[in-house]
Amino acid sequence: MRVLLSGYYGKGNGGDEALLATLLQMLPPHVTPVVLSGNPEETSRRYGVESYNRMAFLQVIQALRSCDVFIWGGGSLMQDVTSTISPFYYGGLMAIAQVLKLKTIAWGQGIGPLLRPQTRWLAKGNFAGCIQVSVRDRSSSTLLSSWNIPHILAPDPVWALKSQSVAELADLPKPRIAVTLRNHPQLTETRLANLTRALVELQTATQAFILILPFQKSEDLGIAEKIQLQLTDNSKILCLEEPEILKGAFQGVDMVIGMRLHSLIMAASEGCRCFALSYDPKINRLMEDLQIPGWDLENIPDDVDLISKTWFDFYQNGNALSSDKIQSLVNGAFLHRDLLKDALK
């Protein structure tokens, strides 16, 4: 059985690569995965799969015609806030797959926000045409329920991703605080400067080693370099591209200050305390579900001392998820695997 996987793959985004790695781990053994990617050569090399250019129309059509099943492979594919084009790309692919009579599956989805009537109409039709649907948050589940579309709700699939230890971390000092910031219009120069100054104060107070993890070099590395310029030598920028190793980087980290959704999920799953800086409703959903403290970017305090004190108090007194809670989330994430097993018989 040949199955075509579509997501934000091959674009250097650690979270989306983690979703792909998890999906590949969860596919039944009799399935041959075919991946649409922004960098098909790299995707083929990394995962040992057949891969085609996601933006080459003829290649995409040929890949669709060669496959039996089409899967939306996790993430916030159907939303029209960060991109008006994205939902039409992914929704268009799903519609073509359904016209070609492929079985279609929406897997590990975080739906919305969908602000425009056209994208809501397209999304509703896409999901209604799927043989199976799984979502990762209650808001998405509520939307599908309002459309009377059957689905399962389970934790983000990346909770179940197997992690690997990072050899180069073994000799780095402890305690460790990890930072995962990304480029965003609401992360203004002033806010970034304030966060950086607060991080310097936090490092002074805790004597922690600061581990800066760019999840997408094109969006994160420049910010990581600006932050490190203000820190002592007791810090390191670590660019990791293998999803399992990226998740393993959070082993032995005491606290994470993160904007990236999957940095928070990976860190929490490895037993780290998490403090969120939210730029998107999906981060707020995770904060609510796991009771993770944090601020929306636009509501970050202007007082650097208040930021650093809040972080220090959480470092001293905050709690990571219990091992029972982590195991429950991991077990729940395997419901996405069960759905694939049932759909791909």
Side-chain angles (χ1 to χ4, degrees), residues 5-26 35-47 49 51 54 73-77 82-83 86 107-110 136 155-169 176-184 187 210-225 227-228 236-253 256-270 272 274-280 282-283 286 292 333:
L5 312 181
S6 173
Y8 192 64
Y9 309 141
K11 305 295 285 186
N13 184 301
D16 290 287
E17 293 303 308
L19 284 165
L20 175 57
T22 307
L23 176 52
L24 292 172
Q25 287 180 10
M26 288 186 174
V35 180
L36 297 179
S37 171
N39 188 341
E41 294 81 10
E42 173 64 20
T43 296
S44 292
R45 183 200 64 77
R46 179 175 295 161
Y47 303 107
V49 296
S51 184
R54 69 198 291 271
S76 300
L77 305 183
T82 61
S83 170
S86 179
W107 178 87
Q109 293 296 292
R136 66 185 185 185
D156 189 289
V158 173
W159 284 98
L161 177 67
K162 300 172 185 174
S163 61
Q164 295 181 19
S165 299
V166 184
E168 57 193 294
L169 290 180
R176 298 175 193 155
I177 295 173
V179 178
T180 62
L181 301 188
R182 57 156 291 167
N183 185 42
H184 192 273
L187 186 61
I210 306 297
L211 192 61
I212 310 172
L213 298 170
F215 261 57
Q216 187 173 12
K217 283 185 182 180
S218 61
E219 298 289 327
D220 304 2
L221 185 56
I223 289 174
E225 290 170 343
I227 293 171
Q228 193 181 36
K236 184 179 181 64
I237 296 173
L238 201 58
C239 296
L240 302 169
E241 298 187 350
E242 303 286 342
E244 296 90 343
I245 295 176
L246 181 56
K247 190 176 184 183
F250 293 100
Q251 296 171 1
V253 169
V256 175
I257 300 167
M259 282 177 67
R260 292 280 187 184
L261 174 73
H262 284 101
S263 74
L264 296 166
I265 290 173
M266 289 179 179
S269 72
E270 296 293 337
C272 303
C274 296
F275 192 98
L277 301 173
S278 177
Y279 68 95
D280 188 283
K282 65 187 178 184
I283 312 293
L286 184 72
I292 293 173

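By convention here, the first residue in the shown sequence is residue 1.
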*Asks:* Give a yes or no on whether the backbone of L213 and the side-chain of T180 come within a donor-acceptor separation of less than 3.5 Å.
*Replies:* no
*Asks:* With sequence neighbours excluded, what pairs up with L23 under the side-chain contact (heavy atoms from CB on, under 4.5 Å) test?
*Replies:* L5, Y9, L27, I71, W107, L340
*Asks:* Do you know the tightest heavy-atom contact between L264 and A276?
*Replies:* CD1-CB, 3.8 Å
*Asks:* To the nearest 0.5 Å, what is the distance between NZ on K236 and CG on L211?
*Replies:* 8.5 Å
*Asks:* Which atoms form the tightest heavy-atom contact between G38 and K11, and what is the distance?
*Replies:* CA-CD, 4.0 Å
*Asks:* Shortest non-hydrogen contact from S163 to G248?
*Replies:* CB-N, 3.8 Å
*Asks:* Just how far is it from atom CG of L77 to atom OG of S83, taken to the nearest 0.5 Å?
*Replies:* 11.5 Å
*Asks:* May I ask you to test the D156-L286 pair for a side-chain heavy-atom distance under 4.5 Å?
*Replies:* no
*Asks:* What I'd like to find out is whether the side chain of I212 reaches to under 4.5 Å of the side chain of Q228, using heavy atoms alone.
*Replies:* yes
*Asks:* Is there a side-chain contact between L169 and R176, using heavy atoms and a 4.5 Å cut-off?
*Replies:* yes
*Asks:* Apply side chain to side chain contact (heavy atoms under 4.5 Å, CB included) to residues L221 and I237 and explain how you reach the verdict.
*Replies:* CA-CA 8 Å; L221 185 56; I237 296 173; 4.0 Å; yes
*Asks:* Can you pull out every salt bridge (charged side-chain N to carboxylate O under 4.0 Å, His left out) where at least one residue sits in residues 35-47? Sequence neighbours excluded, please.
*Replies:* E17-R46, E42-R45, E42-R46, R46-E241, R46-E242
*Asks:* Can you name the residues that form a ring pair (Phe, Tyr, Trp, His ring centres under 6.0 Å) with Y279, not counting sequence neighbours?
*Replies:* H184
*Asks:* Got a sec, which residues hit side chain to side chain donor-acceptor pair (under 3.5 Å) with S37, two or more places apart in sequence or on another chain?
*Replies:* T43
*Asks:* Please lay out, stage by stage, how M266 and C274 fare under the test side chain to side chain contact (heavy atoms under 4.5 Å, CB included).
*Replies:* CA-CA 10 Å; M266 289 179 179; C274 296; over 6 Å; no
*Asks:* Which residues pass the side chain to side chain donor-acceptor pair (under 3.5 Å) test with S86, sequence neighbours left out?
*Replies:* none
*Asks:* At what distance, to the nearest 0.5 angstrom, does CD1 of I257 lie from SG of C272?
*Replies:* 12.0 Å
*Asks:* Decide yes or no for L261 and D280: does some side-chain heavy atom of the first lie under 4.5 Å from some side-chain heavy atom of the second?
*Replies:* no
*Asks:* Just verifying a value: how many Å separate L240 CG and K247 NZ, rounded to the nearest 0.5 Å?
*Replies:* 14.5 Å
*Asks:* Could I get the full list of side chain to side chain donor-acceptor pair (under 3.5 Å) partners for S218, not counting sequence neighbours?
*Replies:* none
*Asks:* If you compare all heavy atoms of P157 against all heavy atoms of M26, which two are closest, and at what distance to 0.1 Å?
*Replies:* O-CE, 4.3 Å
*Asks:* Quick one: pull up CG in L187 and CG in L277 and give me the separation to the nearest 0.5 Å.
*Replies:* 8.5 Å
*Asks:* With A21, which residues qualify under side-chain contact (heavy atoms from CB on, under 4.5 Å), at least two apart?
*Replies:* Y47, L161, P243, E244
*Asks:* Using 0.5 Å steps for rounding, measure from the OH atom of Y8 to the OG atom of S76.
*Replies:* 12.5 Å
*Asks:* Give me the atom names and distance for the closest heavy-atom approach of Q251 to S165.
*Replies:* OE1-OG, 3.1 Å
*Asks:* Minimum heavy-atom separation for G75 to R136, with atom names?
*Replies:* CA-NH1, 3.6 Å
*Asks:* Holding to side chain to side chain donor-acceptor pair (under 3.5 Å), I want the full list of residues that pass it with S44, two or more places apart in sequence or in another chain.
*Replies:* none
*Asks:* Quick one: list whatever passes ring pair (Phe, Tyr, Trp, His ring centres under 6.0 Å) with W159, sequence neighbours left out.
*Replies:* none
*Asks:* Taking side-chain contact (heavy atoms from CB on, under 4.5 Å) as the definition, give me every residue that meets it alongside D220, ordered by chain and number, with sequence neighbours left out.
*Replies:* R182, P214, F215, Q216, R260
*Asks:* Between the side chains of N13 and H262, does any donor sit under 3.5 Å from an acceptor?
*Replies:* no
